[in-house]
Undergrad: 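Supplied in structure tokens, the structure appears directly below.
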Amino acid sequence: MIRRQVQHTNVLITPRDHLQPTQVLIPPRNHQQIPEFNLQLKEQECLSSLKRCKNMEEFKQAHAQILKWGLFWNSFCASNLVATCALSVWGSMAYACSIFCQICEPGTFQFNTMMRGHVKDMNYEEAVLVYADMLERGIEPDNFTFPALLKAGALLRALDEGMQIHGQILKLGLHDDLYVQNSLINLYGKCKKIELSYVVFETMDQKSVSSWSAIIAANASSGLWSKCLTLFGDMISEGFGEPEESILVNVVCACAHLGALQLGKCAHGSLLRNISSLNVIVQTSLINMYAKCGAIQEAVSLFKKMPDKNQLSYSAAISGLAMHGQGREALKLFSDMLREGLEPDAVIYVGVLSACSHCGLVDEGLQFFEQMKSEYGVEPTIQHYGCMVDLLGRAGLLIEAYDLIKNMPMKPNDVVWRSLLSACKVHQNLEIGETAANELLQSNSKNPGDYLLLSYMYARTGRWEDVSQVRTELADKGISQAPGFSSVEVQRKIYRFFSQDVKWPHHDGISDMIHQMEWQLKFEGYVPDTSQVLLNVQEDEKRQRLRGHSQKLAIAFALLNTSRGSPIRVTRNLRMCSDCHTYTKYISLIYEREITVRDRNRFHHFRDGTCSCNDFWLLT
DNA sequence: CTAGGGTTAG
């Protein structure tokens, strides 16, 4: 009662309350006549009618009720009023702001509500401004303030501000709050400061599922895929049993990047066990995972079973098929999509054109390129031009590809020149190749692959001085080639091999195996292709180098450690050399194994001495 | 007295 009286006084002296419900405010002498329970009853009524609101109309009525009974001056009622308006799906932040301005002394709760509302509406700067306002007015933030504020900071990628806020959190002693910590992990993760995420994560004395989720997502956004899987394992062993959807999606995504099919399947199983119906996003990420892990049949059957597909699901399936050299099937899916009435967008066309280029479907590619603009009004972007250069280049139409680049409406980028350069390498056109390479080197390319392509072409024609010239240039610019590696999954563990890797613990076994394999291969007619070695050294040395290529080590290890006849899956970070390609074809024949190799760009399915790419990529 | 963290695909 006393509090209400104080508030009434407030009302009378506040100048800005033009919504003041004067007639209801009880003058002191009548005050006794209104029984206490009556006001409390009204308060209850108003709050429950607020809760029942389903749209703005009903909300305005509830608002009117609150004003009518003078309950707006009850800070609890006003808070709920603002919160309902700011946070409901049907609400309006503009209206909430106008209510907020009428509150004569907004406190922490009301400020928190406004911040959450702005975050919900994706007005992140606005949320930060509310926080600034709050500090200016001397309202102390509490542990509920920071999750919303840090979320805004994370989405704005505002690292500096985020760190200042972290400082304030420490000053206020709120760094022990689980929610605040989780938000900090997320903030640093989004800002790609994974070390800082770890600092928070490791100092937590209690972790929730969301803490794990946040740290796994942080690693995912920095592309640290194998770390994601390790953390996932740690999480399970710390007793967080069957995990939830968002974590599993990150795990599935990590599996796609790493080519870890077994683990991906486990995550799929876990999703099926724990989530009653998988949404489009989850299903699409599963399709993507199966496709990128080489299990294209599973990806396709999953896709066929999907009840509601969208452009993104089609896109995942189309580019998956393209990657596996099944261009025709990809194009069939595309026509299915059009028949379903889904509008093709720019990204779908990237998939479609790359399907054509992966399979050498030149005429179809040109047709789609024409059609996308004329029939569907999709303006070709540089990516589409990139696909076309790739398509023409791989088919050996180097002059046409070069002409297309010259006539592009935009400035050609590195990707375009790189496609042309690699086509020139394949078709051994040093002249156009040098032009493309010069463009790349002038653009200050930091991609060591460009220099490598050029070196190959020089090495091929015996221009060793030029090879070493390129190498010097690489060194001068301080560019280092990422070491090539191949990984294989054996009993749910990923083993990674680097070229010439002698530090491997079972190296002896592998090196014996390599010799045995080579002996058998030679028996069948394999001849090492030493032109793939970019060093001007003796033939013997070149052969020794070839033997040590990471893919051969990985296959040797897999042959030693998996049962007879079981398929082998290899994932590489770079494209394979043509010697490894030939070698693997022989292995698939002699050891009667199906071998799937995921390259930087696509899959190669080796079986009975042939490869699904029909050697289209390796014409050297 | 109320409330909060992650949101993934091509």
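Throughout, a chain's letter reflects where its sequence line sits, starting with A, and its residues are numbered from 1.
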Undergrad: Let me know the distance between CZ of A:Arg116 and P of B:dT2, rounded to the nearest Å.
TA: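 For the pair A:Arg116 CZ and B:dT2 P, the rounded distance is 13 Å.
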Undergrad: What contact category does A:Asn250 fall into here, base, sugar-phosphate, or nothing, at under 4.0 angstrom with non-hydrogen atoms?
TA: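 Nothing, no heavy atom under 4.0 Å.
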Undergrad: Picking from B:dG10, B:dA9, B:dT7, which would you name as closest to the side chain of A:Ser319?
TA: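 Among the listed nucleotides, the one closest to the side chain of A:Ser319 is B:dG10.
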Undergrad: Answer with yes or no after comparing the ring centroid distance for A:Trp212 and A:Phe232 against a 6.0 Å cut-off, counting only values under it.
TA: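 No, they do not, as the ring centres are separated by 6.0 Å or more.
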Undergrad: Under a 4.0 Å N-O cut-off, is there an ion pair linking A:Glu329 with A:Lys332?
TA: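 Result for this pair is no, no salt bridge flagged.
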Undergrad: Look at A:Asn186 and B:dG6 and indicate whether a side-chain polar atom (N or O) is within less than 4.0 Å of OP1 or OP2.
TA: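 Answer is yes, contact under 4.0 Å.
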Undergrad: Rounded to whole Å, how long is the line connecting atom CD of A:Glu245 with atom P of B:dT7?
TA: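 Taking CD of A:Glu245 and P of B:dT7, I get 13 Å after rounding.
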Undergrad: Check the distance between B:dA9's P and A:Met337's CE and give it to me in whole angstrom.
TA: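 Distance, rounded to whole Å: 20 Å.
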Undergrad: Within the structure shown, what part of the strands sits under 4.0 Å from A:Thr145 by heavy-atom distance: base, sugar-phosphate, or nothing?
TA: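 If one applies the 4.0 Å heavy-atom cut-off, A:Thr145 turns out to touch nothing in the nucleic acid.
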Undergrad: Compute the centroid of each ring, for A:Tyr349 and then for A:Phe369, and state whether the two points are separated by less than 6.0 Å.
TA: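 They do not qualify: ring centres at least 6.0 Å apart.
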Undergrad: Would you please confirm or rule out a distance under 4.0 Å between OP1 or OP2 of B:dA3 and any side-chain N or O of A:Asn112?
TA: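 Indeed not, no polar side-chain atom of A:Asn112 lies that close.
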Undergrad: Measure from the side-chain heavy atoms of A:Ser315 and tell me the nearest of B:dA3, B:dG10, B:dG6.
TA: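 The listed nucleotide nearest to A:Ser315's side chain is B:dG10.
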Undergrad: Once you apply a heavy-atom cut-off of 4.0 Å, does A:Leu178 come out as touching a base, just sugar-phosphate, or nothing?
TA: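 Since a base atom lies under 4.0 Å of A:Leu178, the category is base.
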Undergrad: If you look at every strand shown and take non-hydrogen atoms under 4.0 Å, does A:Ile348 touch a base, only sugar-phosphate, or nothing?
TA: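 Base contact.
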Undergrad: For A:Phe303 and B:dA9, give me the distance from atom CZ to atom P, rounded to whole Å.
TA: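 So the CZ-P distance, A:Phe303 to B:dA9, works out to 18 Å.
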Undergrad: Under 4.0 Å: is that the gap between some side-chain N or O of A:Lys190 and OP1 or OP2 of B:dT7?
TA: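 Answer is yes, contact under 4.0 Å.
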Undergrad: Which of the following nucleotides, B:dA9, B:dT2, B:dG6, is nearest to the side chain of A:Ser246?
TA: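 Nearest to the side chain of A:Ser246 among the choices is B:dG6.
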Undergrad: Go through it in stages, so that I can follow the logic: the residues are A:Asp142 and A:Thr108, the test is side-chain hydrogen bond (donor to acceptor under 3.5 Å, both in side chains), and I'd like the CA-CA distance, side-chain angles, deciding distance and then a yes or no.
TA: CA-CA 7 Å; A:Asp142 64 4; A:Thr108 308; 5.3 Å; no
Undergrad: Just wondering, do A:Phe109 and B:dT2 stack (centres under 5.5 Å, planes under 30°)?
TA: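 According to the criterion (under 5.5 Å, under 30°), yes, A:Phe109 stacks.
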Undergrad: By the 4.0 Å heavy-atom rule, please label A:Ala217 as base, sugar-phosphate, or nothing.
TA: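 The answer is sugar-phosphate, as A:Ala217 gets under 4.0 Å only of primed atoms, P, OP1 or OP2.
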Undergrad: Is the ring of A:Phe144 stacked on the base of B:dA3, with centres less than 5.5 Å apart and planes under 30° off?
TA: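 Per 5.5 Å and 30° rule: yes, stacked.
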Undergrad: Nearest of B:dG4, B:dG10, B:dG6 to any side-chain atom of A:Ser213?
TA: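 Given the options B:dG4, B:dG10, B:dG6, the side chain of A:Ser213 is closest to B:dG6.
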Undergrad: Looking only at side-chain N and O atoms, does A:Tyr131 offer a donor or acceptor that is under 3.5 Å from a partner on A:Gln168?
TA: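 A donor-acceptor contact under 3.5 Å links the two side chains.
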Undergrad: Verify the contact: side-chain N or O of A:Lys151 to OP1 or OP2 of B:dG4, cut-off strictly under 4.0 Å; return yes or no.
TA: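 The answer is no; no side-chain N or O of A:Lys151 sits under 4.0 Å from OP1 or OP2.
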